Amino acid sequence: MPLIRPGIRQLFRLATRSKLAREVDDEIALHLELREQRLRDDGLSHDEARTEALRRFGVVSATQNALHTAATHRDTIVNIRELISSVVQDVRYTARGLVREPWFTAFVAITLALGIGMNAAMYGVIDRLLLRGPEYVRDANRVQNIYFTTAREGSPPNTSNSFGYVTYKILRENARTFQVAAYKISPQQEIFGNGVKADLISSGQTTADFFSMLGVTPLLGRFYSETEDNTTSPEHVVVLGYRLWQRSFNSDPGIVGTFVELSGEKFTVIGVARNGFTGTELAQVDVWMPLSIRSRRVTNDWTNAWDAQWLNVVARLNPGASAEQAGAEATSAFRAAYAGRSKAAKSATISFAPISFAQNGSEPLELRVSRWLIGVCAI
């Protein structure tokens, strides 16, 4: 008789498990039939024998339930034992095979290591770009980039994420379904220190509502207020990035209240950002300062100039609000308030998209490639 492995026996047992109830009922019926036959042999009539057999047997339904429970319990125990036995036999068989074939074992181990490593790396990329969002940003899926689309006759629509301060003011004053903030990241444009020790560092210039909108808190000190970021006479205060604080100040906890020199100007340190905080982008930022300090370099009338477009504007959608709803609201507010000379801007459309999207409002190529790569790795 051929040997049937425990796993195969378990498969057949699972396939016939639904017959347990019928088998119990058949056993009870057979028992009653045999007892009834003996009673008829003793001289009782058919009906009398049937009645007496049922009386001696007791309550049939209670017996059925007890037997059903016992049979199911027994079947479960047998299945568990056979499953454990099957797993143990498979492990032993596999172990003996791997010992006999060391080169094959090494190949399998390397293949698994590469596969797991690639999947872990790709998941880390996808998690960073798509799932988690930038560090310390609360509910990053509700934080959106804002885009400006114009259409000129005879040309395809042009979409960008560059705005003037005047547009930021319009959106801030008229928003009902979202909160808004503006910022500008300037890589390697601030001179930190002086003399031979001077170094070029990156700066983030933001409106005071930028940090509260993102839901972040500083590691030390505080972020600047609207008073310190007023457009007429902003105060020279600065929040240090974690890496600059660690590298240039040896993580000194007493740094708050001291002065640093940036591009020949003195700034008071009022706080230190948390490790890894980069705003809504992934580029490293060494110092954060009020937007009003550097914006006067753009143009003298930078708060009202329609033609000066240098800021990025981001928004947080209110609970229940959609990107489409916020875009329609922002477009209506902008068109109603626009006082510039551009016909294309007068009919422009404002839209919202995730902060992972590119400057032209489309999904970046690296995100699409990452999805393909993680699919290939999983396969």
Side-chain angles (χ1 to χ4, degrees), residues 125 128-129 132-137 140 143-148 159-165 168 181-211 213-214 216 218-219 223-224 229 234 236-249 255 260-267 269-299 302 308-314 353-362 364-367:
V125 173
R128 190 72 172 92
L129 295 178
R132 250 187 326 127
E135 292 286 348
Y136 306 109
V137 176
V143 179
Q144 305 269 300
N145 280 335
I146 301 182
Y147 296 92
F148 192 78
T159 299
S160 74
N161 64 341
S162 293
F163 292 85
Y165 188 85
Y168 157 72
Y183 74 94
K184 175 66 177 177
I185 302 298
S186 300
Q188 306 298 312
Q189 289 191 11
E190 290 289 341
I191 302 175
F192 173 65
N194 53 53
V196 295
K197 294 184 178 181
D199 191 17
L200 286 175
I201 61 174
S202 60
S203 66
Q205 300 128 43
T206 77
T207 53
D209 48 17
F210 181 75
F211 306 102
M213 191 209 68
L214 297 183
V216 300
L219 178 67
F223 292 120
Y224 33 87
D229 184 39
H236 278 52
V237 293
V238 68
V239 175
L240 301 180
Y242 183 88
R243 289 189 181 180
L244 181 67
W245 172 62
Q246 191 178 49
R247 181 179 69 247
S248 300
F249 299 97
I255 190 68
V260 295
E261 188 170 320
L262 298 174
S263 301
E265 299 178 84
K266 282 190 174 182
F267 286 76
V269 177
I270 61 171
V272 176
R274 293 186 178 276
N275 184 18
F277 174 66
T278 59
T280 58
E281 300 184 9
L282 299 180
Q284 180 65 36
V285 177
D286 294 311
V287 292
W288 300 92
M289 65 177 64
L291 179 71
S292 302
I293 294 176
R294 297 298 186 229
S295 292
R296 64 189 65 189
R297 295 178 177 177
V298 177
T299 179
W302 63 273
Q309 313 289 326
W310 80 102
L311 296 176
N312 301 119
V313 181
V314 290
I355 54 177
S356 59
F357 276 38
Q359 294 180 354
N360 62 358
S362 63
L365 176 62
E366 54 265 27
L367 294 187

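Please read these numbers as outputs of a predicted model, since none were measured by experiment. Quick note: residue numbers are just sequence positions, from 1.
- Y168 has its side chain out of reach of F163: every pair of non-hydrogen atoms, C-beta onward, lies at least 4.5 Å apart.
- Here the shortest heavy-atom pairing between S292 and D229 reads OG-O, 2.9 Å.
- The backbone N or O of S202 lies less than 3.5 Å from a partner atom in the side chain of D286, making a donor-acceptor pair.
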Query - side chain to side chain contact (heavy atoms under 4.5 Å, CB included) assessment of T280 paired with Y183 - result: CA-CA 10 Å; T280 58; Y183 74 94; 3.4 Å; yes
Query raised in the report: Does the pair E190 and M289 meet the rule for a side chain to side chain contact (heavy atoms under 4.5 Å, CB included), with working shown?
Result: CA-CA 11 Å; E190 290 289 341; M289 65 177 64; 3.9 Å; yes
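- Here the closest non-hydrogen pair linking A273 and L219 is O-CB, 3.9 Å.
- Between atom CZ of residue R243 and atom CG of residue N275 there is a gap of 7.0 Å, rounded to the nearest 0.5 Å.
- Contact annotation: the side chain of L291 approaches that of Y165 to within less than 4.5 Å [non-hydrogen atoms, C-beta and beyond].
- The shortest non-hydrogen separation linking Y147 to A353 is CE1-CB, 3.6 Å.
- Donor-acceptor pairing under 3.5 Å is lacking for the side chains of S295 and Q205.
- Annotation for I255 and V272: closest pair CG2-CG2, 3.7 Å, computed over non-hydrogen atoms.
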Report task. Determine, step by step, whether N145 and V314 satisfy the side chain to side chain contact (heavy atoms under 4.5 Å, CB included) criterion, reporting the C-alpha distance in whole Å, the side-chain angles of both residues, the deciding distance to 0.1 Å, and the verdict. Result -> CA-CA 5 Å; N145 280 335; V314 290; 3.4 Å; yes
Requested in this report: Run the numbers on E281 and N312 for side chain to side chain contact (heavy atoms under 4.5 Å, CB included), then give the verdict.
Outcome: CA-CA 11 Å; E281 300 184 9; N312 301 119; 4.1 Å; yes
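- For the pairing with P218, the side chain to side chain contact (heavy atoms under 4.5 Å, CB included) check across Y242, F223, F277 returns one residue only, F223.
- The environment of E265 atom CD is dense: over 12 non-hydrogen atoms of other residues, nucleotides or ligands sit within 6.0 angstrom.
- Ring geometry, F211 versus W288: the interplanar angle exceeds 60°, so the pair is classed perpendicular (tilted spans 30 to 60°).
- Here the closest heavy-atom approach between residue L262 and residue I201 is recorded as CD2-CD1, 3.9 Å.
- Classified by interplanar angle (parallel below 30°, tilted 30° to 60°, perpendicular above 60°), the ring pair F267/H236 is tilted.
- The line from CH2 of W310 to OG1 of T299 is 8.5 Å long, rounded to the nearest 0.5 Å.
- Taken from CD in Q144 to CZ in F357, the straight-line distance is 9.0 Å, to the nearest 0.5 Å.
- I146 contributes atom CD1, which lies 12.5 Å from atom CD1 of I355 (distance to the nearest 0.5 angstrom).
- When all heavy atoms of S263 and R294 are compared, the closest pair comes out as CB-NH2, 4.0 Å.
- Of the possible donor and acceptor atoms, one in the side chain of Q309 sits under 3.5 Å from a partner among the backbone N and O of G164.
- To the nearest 0.5 angstrom, L311 atom CG is 8.5 Å from T207 atom OG1.
- Rounded to the nearest 0.5 angstrom, D199 CG and N194 CG are separated by 12.5 Å.
- In this structure the side chain of I270 reaches within 4.5 angstrom of the side chain of V239, judged on heavy atoms.
- T278 places no side-chain N or O within 3.5 Å of a backbone atom of Q284 that could act as its donor or acceptor partner.
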